Amino acid sequence: MEVGIVGLPNVGKSTLFNALTKAHAAVSNYPFCTIEPNEAVVAVPDPRPYELAQMVGQERVVPATFKFVDIAGLVRNAHKGEGLGNQFLSHIRSVDAILHLVRCFSDPTIAHVETTIDPVRDAEIVELELTMADLELVERRYQRASKVAMSTGDKDAKAEATLLAKVREHLNAGQPLRTLPLTKEEREMLKPYQLLTLKPTLVVGNVDEGEESHRAFERLRQWCEQKGLKALALNAKLAAELSELSQEEATELAELYGEEVQALQQVVRAAFELLDAIVFFTFVGKEVTAWVVPKGTPVVKAAGKIHSDMEAGFIRAEVCPFERLKEAGSWEAAKERGWVEIKGKDYQVRDGDVILIRFHPPHQRT
């Protein structure tokens, strides 16, 4: 899963990126310090696959991962080419979810495009730019689809033009697409466009330790509540400093400062909720692997995530919840207690399931 960190220049995006990934991205006191996006893949902080490896005697763990992308700062009129303009927006289109970082801290030594602390204003600037960028894209696609529909009478082109007309009207009113009621079929039709305001979005207020900063975040949180968005307060500077410490020192300081400095844990937890994602586990050969899939995924499709041969030749799945397996102490003991269940291809995978896939290899299928 890929998450893009966006926001105005100098609101702490690269600092948060470093806190999340320990990647040491450049952090400087001038706009557009980040031009090309910084990228890093990090392991989801989850002890379960490591505990599972001990239970089943496996030597290697492949944890679930997130890819974080630190994208250049956005300014007013970016959709018209201001700042890094369309180059910036193209980077956002490829991510699965957006982490929108908003300044709630005060630091007179840092240069800001918007000089006063007003998180609601800043959030609205970015949201409007994303909305206008979507409108430009939709307008171009609508003109193309309507021409094809008129000249050929093609049913698919007519359906596309009708949907895009509805989307265009909503965006023209300055409203992001997440507030537009859409059917499952309409969402599928729009998926190839990678529309920015349809992407799951987490708003993070970058706070300091002062009361004024937290009052600013509260105003942002209330704005997010009205918009149907989740808001999270993080102290990116302290979180980045903690990421440089040993695990023991970082744990002590995290207990002192609380969740606001536990950047990776908080963001990953929120991102899983945003993307409606779960984790299941497999153990094959010498390896325990954690896999991320959307909630409600049939086990046959989960098998296909591991390998296409497993989906094509699927026979059955043997499934045991992680907590049950932990209680039993081993796969064999869980089987003896009747906690390993046989599931067919329509079984929907649950978070924490430990799964063995039984399938016909290609050379055994007729």
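The structure displayed is predicted, hence computed values, not measured ones.
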If you compare all heavy atoms of [X] against all heavy atoms of [Y], which two are closest, and at what distance to 0.1 Å?
X    : Y    : value
M189 : P192 : O-CD, 3.3 Å
R48  : D351 : NH1-OD2, 3.2 Å
P63  : A43  : CG-CB, 3.7 Å
R219 : P119 : NH2-CD, 4.0 Å
F66  : F272 : CE1-CE1, 3.2 Å

Under a 4.5 Å side-chain heavy-atom rule over Ile, Leu, Val, Met, Phe, Trp and Tyr, are [X] and [Y] clustered together?
X    : Y    : answer
L325 : W339 : no
F68  : L196 : yes
L356 : V340 : yes

Below 4.0 angstrom, N of the basic side chain to O of the carboxylate: do [X] and [Y] qualify?
X    : Y    : answer
E169 : K166 : no
K343 : E318 : no
K13  : D70  : no
D346 : K301 : no
D134 : R93  : yes
E211 : R215 : yes

Can you sort out the partners of [X] under side chain to side chain donor-acceptor pair (under 3.5 Å), two or more places apart, ordered by chain and number?
X    : result
R221 : E218, E225
K335 : none
Y142 : none

Enumerate, atom names and distances included, each donor-acceptor pair closer than 3.5 Å involving a side-chain atom of residues 277-292, sequence neighbours excluded.
unit_1	atom_1	unit_2	atom_2	d
T282	OG1	W291	NE1	2.9
E287	OE1	R60	NH1	2.1
E287	OE2	T289	OG1	3.4

Centroid separation under 6.0 Å, is that true for the rings of F217 and F105?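 Not close enough - the centres of the two rings lie 6.0 Å or further apart.
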Any side-chain heavy atom of E2 sitting closer than 4.5 Å to one from S94?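 In short, these two side chains touch, coming nearer than 4.5 Å.
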Check whether any side-chain heavy atom of V319 lies under 4.5 Å from a side-chain heavy atom of Y347, and answer yes or no.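 Side-chain contact under 4.5 Å: yes.
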Sole residue of V102, L220, I5, L101 in side chain to side chain contact (heavy atoms under 4.5 Å, CB included) with V204: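 Of the listed options, the one satisfying the test is L101.
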Is there a donor-acceptor contact under 3.5 Å from the side chain of T179 to the main chain of P176?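 Yes, T179 side chain to P176 backbone: donor-acceptor pair under 3.5 Å.
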E124: salt bridge (charged side-chain N to carboxylate O under 4.0 Å, His left out) partners, not counting sequence neighbours: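 E124 satisfies salt bridge (charged side-chain N to carboxylate O under 4.0 Å, His left out) with no other residue.
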Residue pairs involving residues 143-165 (criterion salt bridge (Lys or Arg N to Asp or Glu O under 4.0 Å); sequence neighbours excluded):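 Only R141-E160 qualify under salt bridge (Lys or Arg N to Asp or Glu O under 4.0 Å).
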